Number of protein chains: 2
Amino acid sequence: MGKGRADARGSRTASARLLAVLDAFDAEHRALTLSALARRAGLPVSTAHRLVGDLLAWGGLERGDDGLLRVGLHLWEVAALAPRTIGLREAAAPSMGDLYEATHENVQLAVRDGLEVVFVERIAGRHAVPVLTRVGLRFPMSATGVGLVLLAFAPREVQEEALSSPLERFTERTVVDPRQLRSMLADVRRRGIAVSDRQVTMDALSVAAPVRGPDGDVVAALSVVVQADGAEPRTLAPAVRTAAAAISRSLAR
Amino acid sequence: MGKGRADARGSRTASARLLAVLDAFDAEHRALTLSALARRAGLPVSTAHRLVGDLLAWGGLERGDDGLLRVGLHLWEVAALAPRTIGLREAAAPSMGDLYEATHENVQLAVRDGLEVVFVERIAGRHAVPVLTRVGLRFPMSATGVGLVLLAFAPREVQEEALSSPLERFTERTVVDPRQLRSMLADVRRRGIAVSDRQVTMDALSVAAPVRGPDGDVVAALSVVVQADGAEPRTLAPAVRTAAAAISRSLAR
DNA sequence: GCCGACTTTCCGTCAGGCGGAAACCCGGGT
DNA sequence: ACCCGGGTTTCCGCCTGACGGAAAGTCGGC
């Protein structure tokens with residue numbers, strides 16, 4: 001019988017099939033052949049072929065000179081209308097620029113989706129520490145600086161759920177004990193700033209602050225990532241906090 | 001040919017219907033009620049209702065607290081995998097940052113799609129001239145700086161087609177005579193730089209240079225937009241050209 | 001020239017998409 | 001209180017056009 005994922009294949013709606021085609025792409029698979037795509041989507045090739053044809057015509061996919069299929073520009077255009085993307089970016093860009101100019105380090109903006117954070121914008125200097133986050137990527141909330149902020153200010157249910165599932169470990173310093181995490185979160189709420197010290201990679205440290213929407217609830221988190229050794233988070237905190245506040249202010253209008 | 005418009009409603013494939021739902025959103029309509037959406041997509045409400053349901057479940061749309069429908073984060077995630085988005089952005093970010101720091105003006109990156117340019121990235125300072133372009137927006141090629149660059153280096157057929165259709169006018173200085181445009185393009189090719197002087201709005205001027213892919217063909221255009229009066233394009237040109245060259249270089253590896 | 005992997009076309013079957021209609025919900029006007 | 005208009009959601013019978021197996025076509029490697 002089939003391998004794991006291709007099971008319920010007879011019983012999917014037409015839309016689900018089309019969306020499965022899109023889901024076949026991810027950060028490791030940005031270019032696919034038709035049959036690889038069909039395989040990953042759990043669809044017969046002939047079906048995939050038709051759906052891909054529709055998507056190509058629409059601009060949701062494009063075929064490169066090498067014949068491989070990739071995500072298309074038109075899809076990106078409509079996706080760029082997502083409220084927590086464009087709107088936030090526009091509002092955040094100037095302050096992020098300021099912060100970058102002041103620090104010359106990676107400046108990142110992220111929002112929460114479910115139990116994960118999604119990075120929506122990033123300004124990366126050429127001299128900044130290389131980090132493994134990238135725009136469009138998901139991360140668990142428990143490790144990163146932005147994650148701590150977004151978790152600390154998330155609704156109760158979300159916090160409970162996040163704390164009840166086992167915490168993913170990245171480094172020896174990653175916090176995996178729920179009790180310890182809980183007290184860190186309280187600390188974040190009190191100080192309005194989060195520090196993730198080597199919790200995601202051993203050479204990086206990030207300082208994050210909440211960005212608030214018009215009605216005061218936290219809608220995003222801003223962070224700066226710096227080299228871990230020798231860095232002094234205390235000096236960064238005020239800059240990050242004020243930049244985040246500036247973004248909040250421009251969201252308010 | 002045409003990207004989907006709302007047309008003959010009976011004769012559409014299932015996928016086309018789903019994609020029509022997405023196309024109902026644009027820069028002026030980022031949040032829609034179900035019935036408005038149905039109207040714009042040219043679909044019966046009940047059909048739209050089902051499709052929207054599928055998209056909500058998948059994360060392609062989300063329903064705000066106000067009950068309105070908006071483009072969802074998950075759609076944006078997969079769209080972020082588009083090659084001419086993420087890849088370019090990553091490569092371009094540092095140089096764009098440098099250019100911004102040197103000028104403190106709007107720095108923009110655009111690619112060509114069909115007969116139009118699409119802006120894929122922009123760094124906007126708080127002191128920069130307000131411009132009407134925005135990330136994710138389309139523009140005709142004939143007016144903007146980036147458009148001139150992308151048109152000048154586009155394949156013959158594209159140039160012919162662009163020159164044969166009537167050119168859109170934005171200001172009194174917009175070039176609408178094909179002969180004149182043709183000579184401007186030759187000039188752009190010769191000098192490796194394009195200047196759009198008040199051709200899109202009367203207060204702005206942009207200077208653009210080509211970004212080349214690994215095999216030497218022009219894949220994008222980089223531009224700086226400045227206040228039109230008093231600006232001296234000649235001083236900007238070298239900076240833009242070198243930044244664009246730096247991006248080309250980092251694409252080559 | 002043969003073989004394997006991928007792409008594209010064809011077509012008979014029948015699941016499930018489609019959309020009209022009716023029920024439901026909600027706020028605002030009188 | 002009542003109705004009315006606009007939106008949303010549910011229901012269900014008809015019939016279309018999606019589905020996918022199979023075969024033909026294409027390309028490249030050995």
Side-chain angles (χ1 to χ4, degrees), chain A residues 1-25 28-72 83, chain B residues 1 4-25 28-72 83:
Chain A
M1 5 200 329
K3 355 201 60 172
R5 67 129 90 9
D7 34 78
R9 78 194 226 185
S11 62
R12 260 196 283 187
T13 86
S15 340
R17 270 179 258 259
L18 189 71
L19 299 175
V21 168
L22 293 179
D23 267 335
F25 294 88
E28 285 78 46
H29 303 85
R30 291 208 231 155
L32 295 171
T33 113
L34 174 63
S35 28
L37 169 49
R39 207 174 312 123
R40 285 179 54 83
L43 292 170
V45 252
S46 64
T47 301
H49 180 256
R50 179 173 35 86
L51 297 175
V52 164
D54 292 344
L55 281 166
L56 285 171
W58 183 72
L61 294 181
E62 42 191 57
R63 193 187 293 276
D65 302 336
D66 50 6
L68 294 182
L69 298 164
R70 292 167 224 268
V71 176
Chain B
M1 320 225 140
R5 276 282 62 132
D7 40 79
R9 77 195 229 179
S11 59
R12 265 194 282 185
T13 86
S15 340
R17 270 178 256 259
L18 189 69
L19 300 175
V21 168
L22 294 179
D23 267 335
F25 293 88
E28 285 78 46
H29 303 84
R30 293 208 230 152
L32 294 172
T33 124
L34 174 63
S35 27
L37 168 49
R39 207 174 311 123
R40 284 179 56 82
L43 292 170
V45 253
S46 65
T47 302
H49 179 258
R50 178 173 36 85
L51 297 174
V52 164
D54 292 345
L55 281 166
L56 284 171
W58 183 71
L61 295 181
E62 42 190 57
R63 193 187 292 275
D65 302 335
D66 49 6
L68 295 181
L69 298 164
R70 292 167 224 267
V71 176

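In this text, all values refer to a predicted model and were calculated from it rather than measured experimentally. Below, read A as the first sequence line, B as the second, and so on, with proteins coming before strands; counting in each chain starts at 1.
- Note that the NE2 atom of B/His29 and the CG atom of B/Leu68 stand 12.5 Å from one another [nearest 0.5 Å].
- Heavy atoms only, all atoms of each residue included: B/Phe25 and B/Leu69 are closest at CE2-O, 3.3 Å.
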Between the protein and nucleotides 23-28 of chain D, list every N/O to N/O distance that falls short of 3.5 Å.
none

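- Only A/Thr33, A/Leu34, A/Ser35, listed by number, bring a heavy atom of residues 29-38 of chain A to less than 4.0 angstrom from any atom of DNA chain C.
- A close approach under 4.0 Å does not occur between any side-chain nitrogen or oxygen of A/His49 and OP1 or OP2 of C/dT7.
- Distances shorter than 4.0 Å separate none of the side-chain N or O atoms of B/Ser46 from OP1 or OP2 on C/dG20.
- End-to-end axis angle for the helix from C/dG1-D/dC30 to C/dT30-D/dA1, using five pairs per end and rounding to 10°, comes out at 40°.
- Between A/Arg17 and the phosphate of D/dG20, there is a side-chain N or O to OP1/OP2 separation shorter than 4.0 Å.
- Of the residues in residues 51-70 of chain B, those with a non-hydrogen atom less than 4.0 angstrom from any atom of DNA chain D are B/Arg63.
- For residues 55-67 of chain A, the salt bridge (charged side-chain N to carboxylate O under 4.0 Å, His left out) pairs, not counting sequence neighbours, are A/Glu62-B/Arg84, A/Asp66-A/Arg70.
- Atom CG in A/Leu43 sits about 12 Å away from atom C1' in D/dA18, given to the nearest Å.
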Enumerate, atom names and distances included, each donor-acceptor pair closer than 3.5 Å involving a side-chain atom of residues 45-59 of chain B, sequence neighbours excluded.
unit_1: B/Asp54; atom_1: OD2; unit_2: A/Ser15; atom_2: OG; d: 2.6
unit_1: B/Trp58; atom_1: NE1; unit_2: A/Asp23; atom_2: OD2; d: 2.6

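- Here the P atom of nucleotide D/dC11 and the CZ atom of B/Arg50 are 15 Å apart, to the nearest Å.
- Between A/Thr47 and D/dG20 there is a side-chain polar atom (N or O) within less than 4.0 angstrom of OP1 or OP2.
- Both B/Ala14 and B/Val45 lie near DNA chain C, and the one whose nearest nucleotide falls closer to the 5' end is B/Ala14.
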